[in-house]
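To find a chain, count down the sequence lines: A is the first, B the second, and so on, and within it residues start at 1. What you see is a predicted model, and the numbers here were worked out from it, not measured in a lab.
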Amino acid sequence: MAESARPGNFLTDIVDADLAAGRVRGPIVTRFPPEPNGFLHVGHAKSILLNFGLAARYGGRAHLRFDDTNPTTEDTEYVESIENDVRWLGGDWGEHLHFASDYFEKMYACAERLVRDGKAYVDSQPQDAIREQRGSFERPGVASPFRNRNPEENLDLLGRMRAGEFPDGAAVLRARIDMAHPNVLMRDPLLYRIRHAHHHRTGDAWCIYPMYDFAHPLEDAFEGVTHSICTLEFESNRELYDWVLDHTGPWDPRPRQYEFARLALGYTVMSKRKLLQIVNEGRVSGWDDPRMPTIAGMRRRGVTPDALRDFADLIGVSKNNSVVDIGKFEFCIRGDLEKRSPRALAVLDPIRLTIADWTGPDEELDLPWWPAEPDRGGHRKVPFGRDLLVERDDFSADPPPDWKRLAPGRDVRLAGAVVVRCEEVVLGPGGVVVEIRCSHDPSSRTGGARRGLGTIHWVHATRSIPAPVRLYDRLFTAELPDAAGNFLDVMNPGSLSSAPGARVEPALRDAAPGTHWQFLRVGYFFADPVESRPGAPVFNRTMTLKDTWASRGAGADRPSAPARSAPRAPATAPATPRRGRTEARADARAGDPVLAALHARLASLPGISAEQADLLSADPGTAAWFDEAVAAGAAPGPVARWLLNELLGLAGEAPLGSLPLRAGDFGRFVSLAESGRTTGAAAKTLLASLLERPGDPAARLAELGLERVDDGAAISAAIGRVLAAQAAEVARYRAGEKKLVGFLLGAAMRETQGKADPAALRRALQEALG
RNA sequence: UGAGGCGUCGUCCAACGGCAGGACUGCGGACUUUGGAUCCGCGUAUGAAGGUUCGAAUCCUUCCGCCUCAGCCA
């Protein structure tokens, strides 16, 4: 699918807006910034596909950048696996393979600049002191005794840190921001720490290393990244990201950080720590164990990049914290493999089937690899004869009425061959079925379908070949392993099983490693790319087939699915009830006589409700703005209503004082809006215009032609046009869908640009509709 | 507790003041030499309450719930 044809999301909305507003003039540049300290997993795949996909959609570029700022945890081994995984997913970074460590010198120069500007200082305190002084959520931090060292001294100290004069932990470089900042990340965050450690790329050239919050924005800026996309947990880091860029720039383009919800997938874990733990403890065979949610594991299992891409498209991108149903992933895997897998015959748990009345010799059936798509071509010989093997599950001595497989006296088709009837069941010791003896219908060889007849798969008893087959299932039995007390307790003991008796048709003997097959009626299998060899194939079950028969039973061999919310951690009740905003304002008034007087005065104004007075007196600035608007001649009630309900929504985050619209003009606007010269809807259009571009409300009203329309003929004409344009909806309305009146009224409102009185319009519309 | 963020069918994502829609799952049916695939059908979801508006999932307010942040990790 072309990138532009993919559905958009909130990030494409942002890029569209940036482009439309001219905020980004050059190409869109994104980046995928892994730390080389582990393997990539399906969550990273979402991010990779998002970043590379976004760049492709806008004809920009995406970089692969290793965020290697912590030498003690990183290794070049991971660099290779990550590059490999990104490339496998289709990520093309062109020339732009970067390493944070390549920027160490430039970053250091930025640090020196901050120091010279008095924006950073060297703190010589131990770690514990710094942590203690940081304060807590409700308690502000306290300043370091070294906070006021002068720039010369700091520069000297920083140079000596770099020169290796201090041991690890003896000093750090800190930004000088605000120790009382409500965002604790802004309380003089660390920029550099001393680490006498060997770096996988820079060797021993450095003994100080930048912290993430300092390094990351600079890396983005150095590379010209326009949209720096990360996950939700970095939301509070954004303020610091912006601070760093604001004090080291100017930057063009100026990178902006945006956050999206990381992927959480049912029945698996995604944290690096937990994945590392199950690898290290030998609970899986390695990072590329096919049960792992790692890209390497999925690749080994037989999942394709296309399936991952389909999955990413299916789940979308948003800021909602959500847990994606693993079934969606399985759906994408099946859908992808369905298209690319030739059909072969294999029996996982064989039981002998003898066609007792088969008198001739063995035959070689010529069967197509694509039974449903003969045009795709490709055939192979499959030996067939008297002695066969079929799936044990495909026989039942006492079947339910709608059983479509083998049972005493029942007919069934052997796929690609003949219809057989079960005549006799041979029991072994303990009463287990050891052989099914059948008769066959020679006339059924060339088709002649019989309705309702089931079909089962088979292989030749002696000329099929044994092959190792591994059956993989979900790694965990709980949908939310992280919510369990210990995620190890909910590991699925049956996540890996083998089929020791499995036999495959002889043509599979030379299956090339890394090829996909559908074992008819069994599932999708992948010739293991590592252990499989021509002549000695080894198969991994990538995914079972959808099984509507089994699913209506007791869930077959699926681990049972407990409720998502089951082992939720108990909510800890806050010691004191949370203080609401109303209460906070009341408290503020109690402690501030000026605010209290303000509130009292506003509350006494005509047409002002207690709630409005409370809101308007939230801070002196808002109140003053309100007063100024009223002073321009408007009635307090309407001013309060327009201000609180409309202006605040239009203004968004911006404080009133920073608006292009002056308070006096707003007051004049309200007078105008209430004068009857225009309608409410048109007034909103006018307000929005005034917010874009300051000006006199009355003049703008005239300029935009937003005067109220009372002309009955004009209204009738507009309704006539709407009814003609919405003929289908009108018909539906007349057929009884009365709720469409709202839709049609909306269309009429737009047709008149909101300038007609809604009540009059509605009357006219009802009349026209009959 | 301070700050930031998020609440739409069972699940994931749309709807950007005007018909709450799609996909997954599930259920039913058709078709079928895979109980697969394919096709058709089936939907009581806007966290709650107020307000603004002709009209609110969308704007305002309050409340509720969930997530993130107090590493010299990223």
Could you check how far [atom1] of [X] sits from [atom2] of [N], rounded to whole Å?
X: A/Lys319; N: B/G4; atom1: NZ; atom2: P; answer: 13 Å
X: A/Leu647; N: B/U52; atom1: CG; atom2: P; answer: 18 Å
X: A/Arg262; N: B/C6; atom1: CZ; atom2: P; answer: 17 Å
X: A/Phe329; N: B/C24; atom1: CZ; atom2: P; answer: 17 Å
X: A/Asp310; N: B/G22; atom1: CG; atom2: C1'; answer: 16 Å
X: A/Arg343; N: B/U32; atom1: CZ; atom2: C1'; answer: 13 Å

Next item on the list: Treat primed atoms plus P, OP1 and OP2 as sugar-phosphate and everything else as base, then score nucleotides 68-74 of chain B 5' to 3': B for base contact with protein heavy atoms under 4.0 Å, S for sugar-phosphate contact only, - for none.
Entry: SBBSBSB

Check: What string of B, S and - do you get for nucleotides 53-62 of chain B 5' to 3' if you count protein non-hydrogen atoms under 4.0 Å?
Finding: SB----SBSS

Next item on the list: Between A/Phe10 and A/Val522, just flag the one whose closest nucleotide in RNA chain B comes earlier from the 5' side.
Entry: A/Phe10

Item checked: Toward the 5' end of RNA chain B, by each residue's nearest nucleotide, A/Arg405 or A/Val741 -> A/Val741

Between [N] and [M], how many Å separate the two [atom1] atoms, rounded to a whole number?
N: B/C59; M: B/C24; atom1: C1'; value: 33 Å
N: B/U58; M: B/A49; atom1: P; value: 12 Å
N: B/C54; M: B/C67; atom1: P; value: 41 Å
N: B/A37; M: B/U44; atom1: P; value: 26 Å

Check: Within the modelled atom types, does a donor on one side and an acceptor on the other bring the side chain of A/Arg334 and the base of B/G36 under 3.5 Å apart?
Finding: no

Checklist line | Qualifying residues under side-chain hydrogen bond (donor to acceptor under 3.5 Å, both in side chains), relative to A/Glu646, sequence neighbours excluded | finding: none

Next item on the list: Mind checking side-chain hydrogen bond (donor to acceptor under 3.5 Å, both in side chains) for A/Asp441 and listing every partner two or more places apart, or none if nothing turns up?
Entry: A/Ser443, A/Arg450

Next item on the list: Could you tell me which residues satisfy salt bridge (Lys or Arg N to Asp or Glu O under 4.0 Å) with A/Glu132, sequence neighbours excluded, listed by chain and number?
Entry: none

Quick one: ring-ring contact (aromatic ring centres under 6.0 Å, His included) partners of [X], sequence neighbours excluded?
X: A/Phe260; answer: none
X: A/Phe146; answer: none
X: A/Tyr192; answer: A/Phe214
X: A/Tyr241; answer: none

Next item on the list: Among A/Asp128, A/Val142, A/Asp188, find the one that has a side chain to side chain contact (heavy atoms under 4.5 Å, CB included) with A/Gln133.
Entry: A/Val142

Notebook entry, point to check: Would B/G71 be called syn or anti, given that syn covers angles within 90° of 0?
Noted result: syn

Look at all strands and tell whether [X] reaches a base, only sugar-phosphate, or nothing, counting heavy atoms closer than 4.0 Å.
X: A/Gln518; answer: base
X: A/Glu259; answer: nothing
X: A/Asp13; answer: base

Next item on the list: When you get a sec, tell me which of B/G18, B/U34, B/G35 is the closest nucleotide to the side chain of A/Leu520?
Entry: B/U34

Check: Considering only side-chain heavy atoms of A/Arg732, which listed nucleotide, B/A23, B/C19, B/C13, is closest?
Finding: B/C19

Please enumerate all protein N or O atoms sitting under 3.5 Å from an N or O of nucleotides 40-44 of chain B, with distances to 0.1 Å.
none

Next item on the list: Can you tell me which stems RNA chain B forms, taking runs of 3 or more consecutive Watson-Crick or G-U pairs with both distances under 3.5 Å?
Entry: B:2-7 with B:64-69, B:10-13 with B:21-24, B:26-30 with B:38-42, B:47-51 with B:59-63

Check: Taking only residues two or more places apart in sequence or in another chain, which ones pass side chain to side chain contact (heavy atoms under 4.5 Å, CB included) with A/Val184?
Finding: A/Phe137, A/Arg187

